[in-house]
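If you're wondering where the values come from, they're calculated on a predicted model, not measured in any experiment.
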Amino acid sequence: MSIPTIPTVEDFTSDVIVDRYDDMINPPGLTNHLATAQADHDVVAVRSLNVPPVSQGDCVTGQLYLGGRLARSYGEAVEVQWRPDQVLRRTRIDDWQVHTTTVCPPGEAGIIVRIDVTNDGAQDRELRLGLWIDSTVTRSGEPWLAGPPPQAANSVTVDGARRVGRPDDGSAVSVQGLVDGSGRDVTDANGTARMIEARVDVPAGQRRTFAYLHVIGGGEAEVTAAYERIAADVPGAVAAARTTWDANLAAMFTPGNTEFGGNLPVLVTGNDALRRLYWWGAMGVLWFRRDNPASVLGRTYDTLMPRYWQTTTFIWDYSLSSYVHALLDPDVMRRQIAHWVGLDIDHHYGTEWLTGGPVGRWYSVNHYAMTRLVNDYLRLHGDDGFLDEKLTSSSGQTRSLADHVRYWATAWQGLRSASGLADYGKIDNLLECVSTYVHEVASLNAANVWNMRAAAEISEFRGQRAAADELRTQADELLNLVNELYVPGKGYFHTRQPDGSLVECRHCYDFATVGTTVGADLPARQRDEMVRFFVEELRTPAWMRALSPWDEDAGYSVRADHQWNGAYPAWPPEAARAAITLGHPEVVLEWLPGLAGTANQGPPGQAHFVEEAIEPINGGARKTPPQLPYIIDWSCSSAGSWCELVLAGIFGLEVDLDGGVRAGGCIADLDPNARLEGLVVQGRRYDVIGGDVVPSEW
């Protein structure tokens with residue numbers, strides 16, 4: 001049996017998820033890299049269809065009625081299964097089997113739900129199939145600066161079996177309708193603005209097919225044309241979604257492809273868990289690619305989807321997938337870095353691509369995130385000329401990129417408190433839902449050590465030895481101050497408050513960031529204590545807790561990305577890389593099968609619950625739902641950190657600024673026959689076999 005190396009959509013098919021009324025389920029999303037949408041808890045309904053700058057907000061529409069009654073009111077569960085190209089849903093109500101297939105047709109600003117209804121009863125009978133319609137479409141002339149996208153009250157008019165929604169200002173149009181199996185509009189037996197209903201006789205054991213279509217846009221002519229184009233060949237649109245996704249997946253792992261500026265190496269391994277997590281991370285970045293002509297930045301990669309922040313890229317999240325962005329789409333990454341330099345990263349956490357303008361408040365991680373992005377880009381692509389490029393910040397400072405890197409590496413000194421460490425502000429500048437993780441934190445102060453060392457390497461590479469020596473001296477001095485926050489014997493760190501008091505904080509971000517940035521500098525006893533803390537208080541069989549439940553702040557919040565009841569998707573791979581750096585790869589390798597079980601619900605969610613909080617789904621840590629108090633989206637672009645765990649952590653890849661490549665890691669303990677094929681570094685192609693890096697042919 002051959003080992004799979006290039007994934008298809010079949011390889012990402014989720015487990016069947018059973019969704020009952022008001023269950024803790026986050027319904028799956030769909031995208032064609034232009035439109036995004038989310039299935040709802042109904043077997044037909046969709047929500048959050050958005051194609052910036054046109055949006056339906058978080059509007060839920062297309063809810064199913066059977067026999068004149070809301071289908072959800074029967075109390076029957078809906079079984080849901082996700083694939084990159086489609087969402088399959090099915091339920092059984094009053095001896096009607098209802099199966100639906102939902103897709104975003106390639107290149108279209110809309111969504112299709114194919115509906116197959118089978119009469120499982122013993123008698124011939126009439127099917128009354130209705131769809132409840134809502135419309136809140138609008139086209140905002142302003143940047144999207146809030147989590148939920150814009151929406152507006154609409155007037156909805158009846159056009160046969162179609163419903164046309166328009167806001168008062170006429171800025172956008174939504175066309176929704178129901179067609180039969182041949183693609184023709186059904187004969188609408190209802191005729192109200194809220195309801196489309198088809199009535200047909202169905203013999204016992206027979207099936208009838210329909211399709212619900214929903215298209216949005218700026219003008220009625222273009223939207224109607226798209227609607228009719230899709231309706232004319234619904235099976236073709238469903239098939240095209242699969243073909244397009246398979247082609248994109250193949251391109252991701254193919255050197256010299258025409259879809260991306262680069263590629264990810266092919267992983268060849270007999271270890272199913274390792275392969276699944278690597279592909280999971282790759283899919284979790286590809287899913288966020290935006291090829292929208294409204295973007296002033298060209299191609300971009302969003303951060304959250306499908307419900308929140310559809311036009312925003314957060315610097316922090318992008319940096320957590322830095323390795324993947326650098327390998328896969330380096331030209332896009334280069335442009336994104338340069339754009340962020342030109343904005344005020346000391347006051348905002350990201351940008352939105354409709355205008356290119358800033359979004360939100362300052363995130364304390366920004367200097368570390370930007371340094372990490374430049375570091376990975378330079379090592380994997382060379383491009384020394386980028387370091388000389390003059391870039392002007394929003395404050396009017398024009399510097400070379402190399403000088404910007406040195407500025408980021410030493411900017412902490414402007415935040416320095418009496419202790420000598422940087423004070424990184426209040427809760428909204430850091431983890432947002434951990435009240436004690438504020439001010440002087442070990443993570444970002446340790447990251448400053450790494451920043452200065454990275455800047456020193458760049459300076460030395462450019463022949464600036466004195467500047468490099470000065471940066472390294474400052475880094476060594478800061479390292480000693482960082483470790484004063486450590487709680488001896490416990491494995492975790494204090495935070496220091498403005499009054500000088502120390503507060504114990506058992507958070508994974510300290511473990512992961514201190515471990516990955518300066519772990520090799522720590523005493524052996526401390527390294528062992530940190531890993532023991534991670535294993536005993538944070539790691540769970542299939543996921544991890546971001547905050548130890550033994551921490552006094554565990555009662556503060558239930559937002560699962562950073563609290564006791566779950567973790568953000570980058571925290572497990574970041575923590576795993578830290579454990580490897582701290583000298584304990586075994587705690588990672590034994591964890592991989594459980595983590596791979598969590599890759600059973602689509603791309604990594606913005607958070608997954610730990611097993612004690614909510615029952616897992618077939619052994620996989622459950623995605624956290626979007627409603628209050630959780631406000632968690634179905635997926636998050638920091639998924640690329642799983643690829644970095646495999647490449648830089650388990651394979652131990654290291655790349656020098658001059659393009660030298662080394663490997664090692666702990667792959668031999670997991671799969672001694674594993675290898676990477678088609679790793680492209682600075683224009684040269686390599687295969688990595690165990691700890692050996694071998695040049696290969698194009």
Assign the ring pair His608 / Trp280 to parallel, tilted or perpendicular, where the plane angle (0 to 90°) is split at 30° and 60°. perpendicular
Between SG on residue Cys636 and NZ on residue Lys623, distance to nearest 0.5 Å: 10.5 Å
When you measure from the side chain of Asp302 to the backbone N and O of Thr313, does any donor-acceptor pair fall under 3.5 Å? no
Can you check ring pair (Phe, Tyr, Trp, His ring centres under 6.0 Å) on Trp144 and Trp353, steps first, answer last? CA-CA 9 Å; Trp144 294 15; Trp353 45 258; 7.7 Å; no
Can you name the side-chain contact (heavy atoms from CB on, under 4.5 Å) partners of Ile614, sequence neighbours left out? Met24, Phe609, Arg622
Distance-only side-chain donor-acceptor flag, Asp423 / Ser417, under 3.5 Å: no
Heavy-atom closest pair (Thr495 atom, Val438 atom, distance to 0.1 Å) is CB-O, 3.7 Å
When every non-hydrogen atom of Ala663 is compared with those of Leu653, the smallest separation belongs to CB-CD2, 4.0 Å
Can a donor-acceptor pair be found, under 3.5 Å and without considering hydrogens, that links the side chain of Asn429 to the backbone of Trp362? yes
Determine, step by step, whether Thr303 and Phe288 satisfy the side-chain contact (heavy atoms from CB on, under 4.5 Å) criterion, reporting the C-alpha distance in whole Å, the side-chain angles of both residues, the deciding distance to 0.1 Å, and the verdict. CA-CA 7 Å; Thr303 294; Phe288 287 89; 5.8 Å; no
Roughly how far apart are Tyr492 OH and Leu538 CG, rounded to 0.5 Å? 11.0 Å
Charged N-O contact under 4.0 Å between Arg406 and Asp403: yes
Check: His494 side chain, Glu484 main-chain N or O, donor-acceptor pair, under 3.5 Å: no
Of all the heavy-atom pairs spanning Leu478 and Gly420, show the shortest one and how long it is. CD1-O, 4.2 Å
Nearest heavy-atom neighbours spanning Ile632 and Asn26: O-ND2, 3.1 Å
Taking Thr540's backbone N and O only, do any of them form a donor-acceptor pair with Trp591's side chain (distance below 3.5 Å, no angle check)? yes
Test side-chain contact (heavy atoms from CB on, under 4.5 Å) on Thr351 and Trp340; report intermediate values, then the result. CA-CA 8 Å; Thr351 51; Trp340 277 331; 3.1 Å; yes
Atom pair CG (Leu320) and NE2 (His325), whose distance is rounded to the nearest 0.5 Å: 9.5 Å
Take Tyr509 and Trp316 through the test ring pair (Phe, Tyr, Trp, His ring centres under 6.0 Å) and record every step on the way to the result. CA-CA 13 Å; Tyr509 193 60; Trp316 193 352; 5.6 Å; yes
Any ion pair linking Asp551 and Arg545 (charged N to carboxylate O, less than 4.0 Å)? no
So, Asp510 versus Tyr437: side-chain donor-acceptor pair below 3.5 Å or not? yes
Parallel, tilted or perpendicular, as decided by the 30° and 60° cut-offs, for the rings of Trp571 and His562: tilted
Please work out which of the three classes, parallel, tilted or perpendicular, describes the rings of Trp450 and Tyr368, given edges at 30° and 60°. perpendicular
Does the Thr355 side chain pair with the main chain of Pro143, one donor and one acceptor, at a distance under 3.5 Å? no
N/O donor-acceptor pair under 3.5 Å between Ser321 side chain and Val324 backbone: no
Is there a side-chain contact (heavy atoms from CB on, under 4.5 Å) between Leu647 and Tyr323? Walk through the geometry before answering. CA-CA 9 Å; Leu647 298 174; Tyr323 222 75; 3.9 Å; yes
Working to the nearest 0.5 angstrom, can you tell me the gap between Met333 CE and Ser319 OG? 9.0 Å
Below 30° counts as parallel, above 60° as perpendicular, anything between as tilted: where do the rings of Phe493 and Tyr486 land? perpendicular
Before you tell me yes or no, could you show the steps for Asp656 and Arg662 under side-chain contact (heavy atoms from CB on, under 4.5 Å), namely the whole-Å CA-CA distance, both residues' side-chain angles and the distance that decides it to 0.1 Å? CA-CA 9 Å; Asp656 297 327; Arg662 298 177 300 283; 2.7 Å; yes
Should we say atom CZ of Arg361 is surrounded by more than 12 heavy atoms from elsewhere, each under 6.0 Å from it? yes
When rounded to the nearest 0.5 angstrom, what distance separates CZ in Arg416 from CG in Asn445? 10.0 Å
Is the CD atom of Gln627 crowded by more than 12 outside heavy atoms at less than 6.0 Å? yes
Working to the nearest 0.5 Å, report the span between OG of Ser364 and CH2 of Trp412. 15.0 Å
Quick check on the 6.0 Å ring-centre criterion: do Trp642 and Tyr278 meet it? no
For Gly356, is there any backbone N or O sitting under 3.5 Å from a side-chain donor or acceptor partner on His339? yes
